[in-house]
Amino acid sequence: MSNRDSCGIEVSAKELLVKVRWQDAGVRERSFGNTPQDHPEIVRHLRRAGRVVRVCMESTGLYGLDLALALSGQEGIELMVANPRAVRHFAQALMKRSKNDPIDAGVLEEFAARMPFQAWVRPSPAALALHALARRLRELVDMQTAESNRQHAAGVSQAMPAAVRRDLARSLRAQAAAIQRLTRQARQVIDHDAQLRERFALLISVPGIGETSAVQLLGELGVLAPDLSARQWVAYAGLDPRCFDSGSSVHKKPRISKAGNAHLRHALFMPALVAVRHDPHFRGFYQHLQAAGKLKMQALVAAMRKLLHALHAMFRTRQPYDGSKLFPLKSTPAPEVNSAPVLACA
């Protein structure tokens, strides 16, 4: 009998439902509070001498982060933080027609037992802090954009009371001050960590990546496991192609999967757009694809993927941006698109 057990933990704001399948003692289900004081008790509940338990929980943001930090690195506990979409599709494959916390905990337990295990790598405290600051900065920028649009609409309406215009102006000033304050704090986190400081310098060496984009990108990339490949980065960002073919009659256009980190895709979009306009190598790559018949958005998504591959290589080699390695500029005619597919099936 194997000495490896499986466990699923359903995370909510106030409760953690833990379902464990002990190979020698059957299934146990127990509820805990979701507080830092309860997490050591969960560790004690899961640890058994001479046995290893594989724990699966969904990526649920801040509600599950402290628990993941408490479980990672514990002797006898292996932790996987699964993509919610993968878990949802797994539940559909199990023909689960209902959804509640006990059912979800059971699905996660079976996911841990049956699916390929990918251990969660604990990010550094500095990377976690930068991740939180970058996410908050994006929220503030989105709020600022929405409020600015409201201010513009209010400014062209004579029926809008002056009090509303003044309140909108105050709101925008407060958001601008908060963005400046959090940007300074993010730079302090970067400057006090050697790896983040080095990677930040590499990022801003890329045409199209300024300080704001570098903070956003580093906030998302800094929490990734160090041994991931460039293809895994692309999949994590949801920029990997999704093909839909069946037999000889169904051939839909390939699209990106979007089964990944939308924040990272958002952080890549503007730098890629600026790069294809102003960097000769990115522009050459972009124009090469357009000349081969790709639509503008297809070529831009390809540039985002190319940028992500370039960042992965720069972090690995610790070398600044070199456009000649990304897309050499030649006087000879560009190769056919088949030699550099944009959205080819894996």
Side-chain angles (χ1 to χ4, degrees), residues 134 190 195-222 224-241 254-258 260-346:
I190 293 170
Q195 185 183 69
L196 293 178
R197 185 169 62 250
E198 180 186 43
R199 290 186 169 186
F200 183 82
L202 294 174
L203 284 168
I204 60 177
S205 73
V206 180
I209 298 183
E211 178 181 357
T212 301
S213 294
V215 169
Q216 293 291 329
L217 287 167
L218 195 54
E220 300 301 326
L221 297 174
L224 298 184
D227 58 346
L228 295 182
S229 67
R231 288 173 63 93
Q232 289 173 312
W233 273 25
V234 169
Y236 175 77
L239 291 172
D240 50 324
R255 301 178 182 274
I256 59 173
S257 70
K258 295 188 178 181
N261 189 328
H263 297 277
L264 181 54
R265 290 198 303 277
H266 182 275
L268 286 166
F269 179 79
M270 191 55 67
L273 183 62
V274 174
V276 300
R277 291 178 177 175
H278 300 287
D279 178 67
H281 299 278
F282 266 106
R283 184 168 62 249
F285 175 70
Y286 178 79
Q287 291 174 343
H288 161 76
L289 295 176
Q290 280 196 303
K294 298 301 177 183
L295 299 176
K296 290 183 178 180
M297 185 54 68
Q298 285 181 310
L300 183 57
V301 169
M304 292 167 63
R305 294 176 63 188
K306 196 78 166 177
L307 175 58
L308 201 53
H309 275 270
L311 296 180
H312 185 276
M314 290 164 57
F315 286 2
R316 188 186 70 251
T317 62
R318 304 172 71 175
Q319 296 296 317
Y321 172 76
D322 182 354
S324 63
K325 296 179 181 178
L326 183 138
F327 186 77
L329 299 178
K330 300 178 181 179
S331 57
T332 56
E336 293 296 328
V337 71
N338 290 338
S339 64
V342 181
L343 288 174
C345 295

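Numbering starts at 1 and runs along the sequence shown. Excluded from the calculations below are hydrogen atoms, water molecules and symmetry mates; all remaining heavy atoms, backbone and side chain alike, are included.
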Chemist: Roughly how far apart are L329 CG and H288 NE2, rounded to 0.5 Å?
Modeler: 12.0 Å

Chemist: Do the side chains of F315 and E198 get nearer than 4.5 Å, heavy atoms only?
Modeler: no

Chemist: Below 4.5 Å, heavy atoms only, C-beta onward: do E211 and I204 meet side chain to side chain?
Modeler: no

Chemist: I'd like to check the side chain to side chain contact (heavy atoms under 4.5 Å, CB included) partners of Q232; sequence neighbours left out, ordered by chain and number.
Modeler: L228, S229

Chemist: Within the structure provided, determine whether V206 and M314 are in side-chain contact (heavy-atom separation under 4.5 Å).
Modeler: yes

Chemist: Which heavy-atom pair separates A299 from Q290 by the least distance, and what is that distance?
Modeler: CB-CG, 4.2 Å

Chemist: A side-chain contact here means heavy atoms from C-beta on lying under 4.5 Å apart; do L289 and F285 qualify?
Modeler: yes

Chemist: Answer yes or no: is there a donor N or O on one side and an acceptor on the other, between the side chain of S205 and the main chain of L202, under 3.5 Å?
Modeler: yes

Chemist: So which atom in H312 and which in A230 form the shortest heavy-atom distance, rounded to 0.1 Å?
Modeler: NE2-N, 3.4 Å

Chemist: So how far is it from L217 CG to R199 CZ, rounded to the nearest 0.5 Å?
Modeler: 12.5 Å

Chemist: Taking the side chain as every heavy atom from C-beta outward, state whether V215 and I190 have any atom pair closer than 4.5 Å.
Modeler: yes

Chemist: Give the minimum heavy-atom separation between K306 and L326, together with the two atoms involved.
Modeler: CE-O, 3.1 Å

Chemist: What is the distance from atom CG of D240 to atom CZ of R305, rounded to the nearest 0.5 Å?
Modeler: 7.5 Å

Chemist: Once side-chain hydrogen bond (donor to acceptor under 3.5 Å, both in side chains) is applied, what residue pairs with a partner in residues 320-329 remain, sequence neighbours excluded?
Modeler: D279-Y321, D322-S324

Chemist: What is the distance from atom CZ of F269 to atom CD of Q216, rounded to the nearest 0.5 Å?
Modeler: 15.0 Å

Chemist: Could you state the interatomic distance from CG (L221) to CG (L268), rounded to the nearest 0.5 Å?
Modeler: 7.5 Å

Chemist: Kindly indicate whether the side chain of V274, heavy atoms from C-beta on, has any atom under 4.5 Å from the side chain of F282.
Modeler: no

Chemist: Nearest 0.5 Å please: distance from the CH2 atom of W233 over to the CG atom of N261.
Modeler: 12.0 Å

Chemist: Shortest non-hydrogen contact from H309 to R231?
Modeler: CE1-N, 4.3 Å

Chemist: Closest approach of A214 and L203, non-hydrogen atoms and distance?
Modeler: O-CD1, 3.6 Å

Chemist: State, yes or no, whether a side-chain contact exists between P271 and L307 at a heavy-atom distance under 4.5 Å.
Modeler: yes

Chemist: Output yes when a side-chain donor or acceptor of R283 lies under 3.5 Å from a complementary backbone atom of V276, and no otherwise.
Modeler: no

Chemist: What closest approach, in Å, do Y286 and L300 show between heavy atoms, and which atom pair accounts for it?
Modeler: CE1-N, 3.8 Å

Chemist: With heavy-atom distances below 4.5 Å as the criterion, would you say the side chains of M297 and V301 are in contact?
Modeler: yes

Chemist: Step by step, would you call L264 with L239 a side chain to side chain contact (heavy atoms under 4.5 Å, CB included)?
Modeler: CA-CA 10 Å; L264 181 54; L239 291 172; over 6 Å; no

